[in-house]
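Note sheet for the following structure.
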Amino acid sequence: ASYGRADGKSVGKVVRASLAIALMGGTILAAIIVLVFGAAGNLLFSKMGDPSLVLLTGIVAGLLAVIEQIDNVFASALKGAEHFGHAARIEMVSKTAQILAAVLAVFMWGGVAELYAALVLVAVVRLIAKSWLVSRLLGVTSLRPSFANAPETLHFAKWGWVQGVGGLFFGIADRMLIGSFMGAASLAHYSVATQLAQQIHALSAAGLSVIFPKISRKLEGGASFSLWRITKLTMTANFLASGILALGLLIFGRKILTLWLGAEVADASADVLWYLTIAYWLMAVNVVPHFILLGVGRIRIVAMSNLAAGLISLLVMFMLVKHYGLVGVGVARIIFSVIILLNFI
């Protein structure tokens with residue numbers, strides 16, 4: 001919106017306020033994560049192995065949470081200013097470096113601590129690179145966190161947090177429940193299936209995220225454009241593209257799993273993959289109304305639909321995982337995706 005008004009000074013204020021909020025929120029989140037792993041690790045993760053390694057996992061997760069919150073500010077600033085190419089390139093390089101560092105750490109030392117150290121190091125380097133890009137491309141002279149412009153930013157951000165809580169139920173609670181009730185092997189099989197299925201939504205979200213800042217900029221700049229035309233074209237294209245991916249995974253999912261990790265893992269993961277494919281396809285279909293609503297400032301609607309979907313699916317997941325295992329979790333994920341389709345209305 002500030003770009004649409006050609007207000008560079010306001011851009012800097014938003015970035016600095018967002019950094020202050022992210023630093024504060026990330027620190028609180030990190031403290032909660034470490035507290036959960038430290039105080040309730042034996043209760044929640046007794047089936048996950050060595051308690052000391054579980055605690056170390058919580059500490060590293062907390063540290064990464066702080067880094068990721070600040071990293072998200074710089075990544076979102078680049079995308080908000082429509083520097084999608086720069087954002088994509090640095091993300092591709094850093095993700096590749098993260099994989100290589102992880103493989104190298106395991107190959108050379110074979111320990112969990114060394115693996116975590118590699119992941120943290122790459123995350124810090126990525127953060128520094130993104131901060132430099134924001135300063136250079138957006139002309140932000142100071143990246144010192146400041147709460148001076150926080151109230152205006154929080155007016156929008158508070159609903160983003162509500163939306164995030166709903167997403168938390170969808171993206172994290174399932175793994176917590178599976179790890180707690182079913183153990184590490186089931187969690188691994190579920191994660192394999194999720195890794196495949198989530199690409200359906202990830203591709204749509206990555207390709208269509210340009211809608212959000214573009215619509216916001218055009219509205220603020222007073223540009224003449226047809227919102228209905230953008231909606232119709234993007235919805236049609238997204239429906240076809242995500243539908244083809246989902247259909248391919250429904251037909252060839254088991255074969256892909258077999259080629260990737262062998263018949264034993266394929267047998268253990270194939271059933272839940274079917275349910276997850278449907279869930280992530282429905283999520284992909286929702287991408288366009290999601291970004292359009294954000295672009296026109298209707299984040300409250302998006303937040304409430306995500307929160308309602310998260311709460312209901314979490315309750316269903318808790319009831320089904322005991323009796324139906326991974327399939328029960330897959331059904332709960334479909335319920336989440338169906339509920340957020342309310343954004344179409």
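Residues take their numbers from the sequence shown, with the count starting at 1.
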Report task. May I ask you to decide if T231's main-chain N or O and T234's side chain share a donor-acceptor pair within less than 3.5 Å? Result -> yes
Query raised in the report: With hydrophobic residues grouped by side-chain heavy-atom distances under 4.5 Å, do I244 and F252 end up in a single group?
Result: no
Query - Spacing of CD1 belonging to I211 relative to CG belonging to L233, to within rounding of 0.5 Å - result: 10.0 Å
Query - Residue pair A75 / K130: nearest heavy atoms and the distance that separates them - result: CB-NZ, 3.8 Å
Query raised in the report: Is there a donor-acceptor pair closer than 3.5 Å between any side-chain N or O of S135 and the backbone N or O of W132?
Result: no
Query raised in the report: Should V329 and V272 count as side-chain neighbours, where that means a heavy-atom distance under 4.5 Å?
Result: no
Query - L121-M108 co-clustered via ILVMFWY side chain contacts under 4.5 Å - result: no
Report task. Using the rule that two of Ile, Leu, Val, Met, Phe, Trp, Tyr join whenever any of their side-chain heavy atoms come within less than 4.5 Å, decide whether V73 and L23 are in one cluster. Result -> yes
Query raised in the report: Sub-3.5 Å donor-acceptor pair from the side chain of S305 to the main-chain atoms of V302, do we have one?
Result: yes
Requested in this report: Specify the closest pair of heavy atoms between G62 and V34, including all atoms of both residues, with the distance to one decimal.
Outcome: CA-CG2, 4.5 Å
Query raised in the report: Do you know which two heavy atoms are closest between A102 and L115, and how far apart they sit?
Result: CB-CD1, 3.5 Å
Query raised in the report: Is the backbone N or O of A279 less than 3.5 Å from a side-chain atom of S337, with the two atoms forming a donor-acceptor pair by type?
Result: yes
**Report entry** Least distance between heavy atoms, L29 atom then A65 atom
**Finding:** CD2-CB, 4.0 Å
Query raised in the report: Is the side chain of S131 donor-acceptor paired with the backbone N or O of I128 at a distance under 3.5 Å, no angle test?
Result: yes
Report task. Grab the two heavy atoms, one from V15 and one from V140, that are nearest each other, plus how far apart they are. Result -> CG2-CG2, 4.4 Å
**Report entry** Within-4.5 Å side-chain heavy-atom neighbours: F344 and V285
**Finding:** yes
Query raised in the report: Would you say S186's side chain and G183's backbone share a donor-acceptor pair under 3.5 angstrom?
Result: no
Query raised in the report: Distance-only, no hydrogens or angles: does the N238 side chain make a donor-acceptor pair with backbone N or O of A284 under 3.5 Å?
Result: yes
Report task. Find out whether K79 and V210 are in side-chain contact, i.e. whether some heavy atom of one side chain is under 4.5 Å from a heavy atom of the other. Result -> no
Requested in this report: May I ask you to test the I256-L249 pair for a side-chain heavy-atom distance under 4.5 Å?
Outcome: yes
Query raised in the report: Distance-only, no hydrogens or angles: does the T277 side chain make a donor-acceptor pair with backbone N or O of L273 under 3.5 Å?
Result: yes
Requested in this report: State whether R126 and E68 are salt-bridged, where the test is any N-O pair (Lys NZ or Arg NE/NH1/NH2 against Asp/Glu carboxylate O) under 4.0 Å.
Outcome: yes
Query raised in the report: Minimum heavy-atom separation for L64 to A123, with atom names?
Result: CD2-CB, 4.0 Å
Report task. Answer whether the closest heavy-atom distance between the side chains of L294 and F291 falls below 4.5 Å. Result -> yes
Report task. State, yes or no, whether a side-chain contact exists between R89 and F84 at a heavy-atom distance under 4.5 Å. Result -> no
Query - T194 versus Y280, side-chain donor and acceptor atoms under 3.5 Å - result: no
Report task. Indicate, with yes or no, if W281 and L341 share a hydrophobic cluster defined by side-chain heavy-atom contacts under 4.5 Å among Ile, Leu, Val, Met, Phe, Trp and Tyr. Result -> yes
Query raised in the report: Where the side chain of S209 meets the backbone of A206, is there a donor-acceptor pair that is under 3.5 Å apart?
Result: yes
Requested in this report: Could you tell me whether the side chain of L276 reaches within less than 4.5 Å of the side chain of Y190, counting heavy atoms only?
Outcome: yes
Query raised in the report: Has the side chain of S180 got a donor or acceptor atom that lies under 3.5 Å from a matching backbone atom of M176?
Result: no
Query - Pairwise distance OH(Y275) to OH(Y324) - rounded to 0.5 angstrom - result: 10.0 Å
Query raised in the report: Going only through I, L, V, M, F, W and Y residues with side-chain contacts under 4.5 Å, is there a path from V122 to L104?
Result: no
Query raised in the report: Do D271 and L326 come close enough that some side-chain heavy atom pair is under 4.5 Å?
Result: no
